[in-house]
Amino acid sequence: MTRQGVLTNRNETFPTSPGAGRPPVAETCGGGDRLRVPDRSPSAPPPGEVSRPTPLTSLSSTLAETLTTAREAACLTQEDLAERSGVSVRAIRNLETGHTSRPRKQSLLLIAKALGLPSGEIGRLMRRPGAGHHPAPPGLTPAELPAAPHHRLIGRSTHLRSLQAHLSAAQDGSTGRPAVVVGPPGAGKTALVLKAAHGVRDRFPDGQVFVDLHPNMSTAPLTPDEIVPRVLRSLGAGPVADHPEEAAARLRDALSRRCVLVVLDNVDSEAQVRPLLMDRSRNAVLVAARRELSALTGQFRQHIDVLDDGEALRMLEDLLGAARTAAERSAASRVLRLCGGLPLALHIAGLWLSGRPHRSLRDLADRLTNEQDRLRFLRVGDLSLEASVAACYSSLPASVRAALLRLRRMSGDFGVDDMLPEVTASPGMAADLLDELIDRQLVHAVGTVTDGRRLYRLHDPVRQYVTYGPVGSWHPERITGQVWLPRQAAHSG
């Protein structure tokens with residue numbers, strides 16, 4: 001094998017053009033003594049002078065051309081480079097001829113170090129076209145992400161930076177771990193996920209796929225066997241197989257040849273995520289989960305909760321303006337407290353007030369004071385805190401829904417003993433039920449008392465939902481010792 005002006009066969013010496021017919025001269029190269037035909041072009045080094053590695057900034061554009069030129073500039077044969085790097089001759093030959101479309105990162109690092117490239121040059125080598133990515137097969141390039149929130153995500157800056165850094169690393173092939181955002185209803189999981197996805201979408205040139213696994217309560221959540229063909233159709237990966245196992249195999253094959261970001265919203269189980277996970281993949285999976293996905297090993301988990309008082313105030317000021325909020329500071333404090341620090345509740349409250357400049361913050365605080373009406377009044381347009389809670393509730397197993405309804409009798413903080421016998425029959429069953437409800441982000445632990453007992457509390461919107469019932473299906477008999485007449489007709493504004 002010969003290259004222009006370079007003798008790459010150990011046992012034979014043949015001059016090659018443009019120096020054909022010229023006498024070869026001895027030259028000391030990185031791999032030992034070699035014979036080289038003088039090149040009389042103006043840029044060629046004088047005879048006898050050691051060749052220096054060519055900076056990668058001036059090398060050819062593809063990975064194959066760059067590696068070939070760098071090796072020849074170092075005066076190494078493929079066998080020499082294999083011996084120095086520990087990478088096989090066959091692997092090096094495949095890289096230089098472009099037959100390896102997805103080279104291993106470790107192999108490229110070993111070759112770069114064997115060529116004596118400085119760290120900055122190694123970084124440029126890793127970014128060459130062909131260094132782990134090649135154009136996707138013909139088909140669709142999906143761009144399915146819904147619009148990102150236009151408002152600031154107060155209290156989520158650290159989560160946002162962490163998610164985008166993790167997704168960027170996945171695009172570089174550094175990790176195949178899914179990113180999972182989990183939190184209670186109304187905490188802003190979907191908003192955070194969309195903001196993060198839009199921030200890195202340019203890193204995934206083969207497209208972005210978005211799937212809402214439970215878009216409305218009138219339909220059942222998507223099953224894994226339904227998710228696989230849905231993603232395949234988005235990728236334009238040809239006819240979907242009838243058998244679920246074959247469809248899953250086709251999806252893995254399609255993803256292996258692409259650099260895609262897949263975003264899943266309203267995830268309720270690990271099984272809905274697993275078909276999209278692959279080792280050594282350049283794709284990324286971003287999940288907004290309604291519950292902990294504990295069996296999803298290796299996940300990059302981000303838990304979000306309610307905002308603290310300062311963050312909640314800044315969110316309201318962003319929507320209303322600091323002057324309007326400061327003018328009614330006492331009423332603003334009431335609104336913040338009644339919204340419970342939930343981003344969705346605060347966002348709805350701010351939009352309701354900003355759309356009604358003639359109404360005061362005190363008007364809204366008065367509307368939210370009655371707990372029976374609060375969920376119903378935290379609604380503007382198609383945004384509703386009650387709808388968020390109802391969606392989580394509707395996806396619960398029947399036994400968990402029944403137990404949650406019995407828990408409405410628990411006022412304030414409660415422990416395992418307080419659940420007996422009305423909610424469950426034994427302490428063990430009570431502890432298991434609490435584990436399930438905590439995983440599903442419906443109950444949270446609030447601390448311990450002096451005797452060591454652990455105390456828990458239902459998230460306020462969840463407690464209000466199971467106590468007073470959804471709109472249009474009220475159950476006055478649930479409220480012991482009082483008769484309650486719904487007031488939504490009188491206060492529908």
Side-chain angles (χ1 to χ4, degrees), residues 180 182-187 189 268-270 289-296 301 303-309 337-342 345 368-375 378 385-386 388-470 473-484:
V180 178
V182 64
K189 299 182 289 293
D268 193 54
S269 73
E270 294 88 346
R290 288 174 171 171
R291 60 167 300 165
E292 296 284 357
L293 304 179
S294 304
L296 207 60
R301 175 182 175 274
H303 183 271
I304 59 176
D305 210 333
V306 298
L307 305 179
D308 62 35
D309 292 344
R337 176 174 55 82
L338 295 170
C339 287
L342 276 177
L368 300 179
T369 297
N370 191 320
E371 189 176 71
Q372 297 176 4
D373 298 334
R374 192 173 303 156
L375 276 184
L378 282 172
L385 179 59
E386 182 174 67
S388 179
V389 179
C392 293
Y393 179 81
S394 69
S395 66
L396 296 174
S399 59
V400 177
R401 289 202 304 267
L404 191 59
L405 286 174
R406 291 193 293 271
L407 268 176
R408 69 181 183 269
R409 300 185 178 94
M410 301 291 107
S411 58
D413 303 341
F414 61 90
V416 169
D417 293 340
D418 299 318
M419 299 170 62
L420 308 175
E422 290 83 2
V423 180
T424 58
S426 69
M429 293 175 63
D432 289 346
L433 173 62
L434 286 170
D435 285 346
E436 179 74 11
L437 294 176
I438 289 172
D439 275 355
R440 292 184 177 274
Q441 309 298 301
L442 304 174
V443 168
H444 61 111
V446 294
T448 57
V449 292
T450 54
D451 60 1
R453 289 186 302 121
R454 190 79 169 175
L455 296 181
Y456 304 88
R457 184 184 303 164
L458 286 166
H459 284 288
D460 283 344
V462 176
R463 179 179 52 79
Q464 293 156 16
Y465 184 84
V466 297
T467 301
Y468 304 116
S473 180
W474 304 98
H475 302 281
E477 71 276 10
R478 293 180 181 173
I479 314 303
T480 304
Q482 62 179 309
V483 176
W484 176 65

Would you compute the distance between atom [atom1] of [X] and atom [atom2] of [Y] and round it to the nearest 0.5 angstrom?
X	Y	atom1	atom2	answer
Q441	E292	CD	CD	5.0 Å
R291	L442	CZ	CG	10.0 Å
D268	R290	CG	CZ	6.5 Å
C392	L404	SG	CG	11.0 Å
C339	L385	SG	CG	8.5 Å
D305	H444	CG	NE2	7.5 Å

Would you name the heavy atoms of [X] and [Y] that are closest together and state the gap between them?
X	Y	answer
L293	S269	CD2-C, 3.8 Å
G186	S388	N-OG, 3.5 Å
A289	V180	CB-CG1, 4.0 Å
G415	L455	N-CD2, 4.0 Å
R401	S394	NH1-O, 3.8 Å
L342	P461	CD1-CG, 3.4 Å

- Show the numbers, then the answer: is there a side-chain contact (heavy atoms from CB on, under 4.5 Å) between L458 and M410? CA-CA 9 Å; L458 286 166; M410 301 291 107; 5.6 Å; no

- Query: So do L407 and V466 actually touch side chain to side chain, heavy atoms under 4.5 Å?
  - Reply: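 No, their side chains stay 4.5 Å or more apart.
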
- Message: Can you confirm whether R374 sits close enough to Q464 that some side-chain heavy atom of one is under 4.5 Å from a side-chain heavy atom of the other?
- Response: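 Result yes, sub-4.5 Å side-chain heavy-atom pair found.
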
Keeping [X] on the side-chain end and [Y] on the backbone end, is there a donor-acceptor pair under 3.5 Å?
X	Y	result
K189	V182	no
R406	V423	yes
E270	S294	yes

- Would you please test T448 and R453 for side-chain contact (heavy atoms from CB on, under 4.5 Å) and show each step? CA-CA 5 Å; T448 57; R453 289 186 302 121; over 6 Å; no

- Please assess Y468 against D373 for the test side-chain contact (heavy atoms from CB on, under 4.5 Å), listing each intermediate value before the final yes or no. CA-CA 9 Å; Y468 304 116; D373 298 334; over 6 Å; no

- Message: Could you work out, with side-chain hydrogen bond (donor to acceptor under 3.5 Å, both in side chains) as the rule, every residue matching R463, not counting sequence neighbours?
- Response: E371, D460

- Task: With sequence neighbours excluded, tell me which residues meet side-chain contact (heavy atoms from CB on, under 4.5 Å) with I438.
- Result: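 Per chain and number, I438 pairs via side-chain contact (heavy atoms from CB on, under 4.5 Å) with V443, Y456.
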
- Message: Looking at D435, I want to see if its CG is surrounded by more than 12 non-hydrogen atoms of other residues, nucleotides or ligands under 6.0 Å.
- Response: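 Atom CG in D435 is crowded, with more than 12 foreign heavy atoms closer than 6.0 Å.
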
- Message: Does this structure show an ion pair linking D413 with R457, if we count only N-O contacts that are shorter than 4.0 Å?
- Response: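 Result for this pair is yes, salt bridge flagged.
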
- Query: H303: what forms a ring-ring contact (aromatic ring centres under 6.0 Å, His included) with it, not counting sequence neighbours?
  - Reply: none

- Item | Stepwise side-chain contact (heavy atoms from CB on, under 4.5 Å) check, M419 with L434 | CA-CA 10 Å; M419 299 170 62; L434 286 170; 3.7 Å; yes

